[in-house]
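Residue numbers run from 1 in the order of the sequence given.
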Amino acid sequence: MSNNPLLVIENLTKYFNTAAGQLHAVDGVSFVLEEGKTLGIVGESGCGKSTTGRCILKLIEPTSGKIIFQGQDITTVSYTHLTLPTIRL
């Protein structure tokens, strides 16, 4: 295992514009995930767990914040241009 974190999330934010105004789905989420470790995200229904995951996986673009995977900042890389290394089992 390496000393570098596998995944670093810094101040991740995702807002949606709705007819009623701006919805703050995710606001300021930060964590570090070390290689070989497990992270669980828990919370009430509608608190932003799935939206956080979708932002990390680049299925939706975050409003702000940083997503660093294996030392590479992938925040501004589009999903279609993302080439992640193959995970060895």
Side-chain angles (χ1 to χ4, degrees):
M1 280 190 235
S2 127
N3 291 334
N4 296 327
L6 179 65
L7 179 66
V8 178
I9 305 301
E10 296 177 353
N11 202 30
L12 188 69
T13 302
K14 178 60 180 173
Y15 300 156
F16 293 101
N17 293 319
T18 69
Q22 197 170 62
L23 172 68
H24 293 215
V26 175
D27 206 1
V29 171
S30 298
F31 61 83
V32 175
L33 181 61
E34 300 293 333
E35 185 177 341
K37 301 292 182 176
T38 302
L39 173 73
I41 300 176
V42 297
E44 296 179 15
S45 178
C47 72
K49 301 177 301 290
S50 295
T51 301
T52 298
R54 287 182 180 113
C55 286
I56 294 168
L57 293 172
K58 304 296 293 173
L59 298 175
I60 58 175
E61 290 298 316
T63 302
S64 65
K66 276 192 168 185
I67 304 166
I68 302 168
F69 180 71
Q70 293 185 336
Q72 178 185 2
D73 186 346
I74 63 167
T75 310
T76 59
V77 178
S78 71
Y79 179 78
T80 56
H81 292 98
L82 196 59
T83 56
L84 299 177
T86 303
I87 297 172
R88 294 185 184 146
L89 299 176

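The hydrophobic cluster containing L7 also contains I74, counting ILVMFWY residues as joined when their side-chain heavy atoms lie under 4.5 angstrom apart, directly or transitively. Taking hydrophobic clusters as Ile, Leu, Val, Met, Phe, Trp and Tyr residues chained together by side-chain heavy-atom distances below 4.5 Å, I60 shares a cluster with L23.
Atom CD1 of I68 and atom CG of L33 lie 13.0 Å apart (nearest 0.5 Å). Between E61 atom CD and R54 atom CZ the span is 14.5 Å, to the nearest 0.5 Å.
Partners of E10 by side-chain hydrogen bond (donor to acceptor under 3.5 Å, both in side chains), not counting sequence neighbours: none found.
For E44, the CD atom counts as loosely surrounded, since its 6.0 Å shell holds 12 or fewer non-hydrogen atoms of other residues, nucleotides or ligands.
In terms of heavy atoms, P5 sits closest to E34 at CA-OE1, 3.8 Å. Heavy atoms only, all atoms of each residue included: K14 and T63 are closest at CA-OG1, 3.4 Å. Here the closest heavy-atom approach between residue I9 and residue I67 is recorded as CD1-CG2, 3.9 Å. Nearest heavy atoms, P62 versus T75: CG-CG2, 4.4 Å.
Taking the side chain as every heavy atom from C-beta outward, L6 and Q70 approach each other to under 4.5 Å. Counting only heavy atoms from C-beta outward, the side chains of D27 and Y15 approach each other to under 4.5 Å. Counting heavy atoms from C-beta outward, L12 and F31 have side chains that stay 4.5 Å or more apart. Residues V77 and F69 form no side-chain contact, since every pair of their non-hydrogen atoms from C-beta on lies 4.5 Å or further apart.
Judged by distance alone, with hydrogens and angles left aside, the side-chain atoms of T51 form no donor-acceptor pair with the main-chain N or O of V26 at under 3.5 Å. With hydrogens and angles ignored, the 3.5 Å screen pairs no side-chain donor or acceptor of K66 with any backbone N or O of D73.
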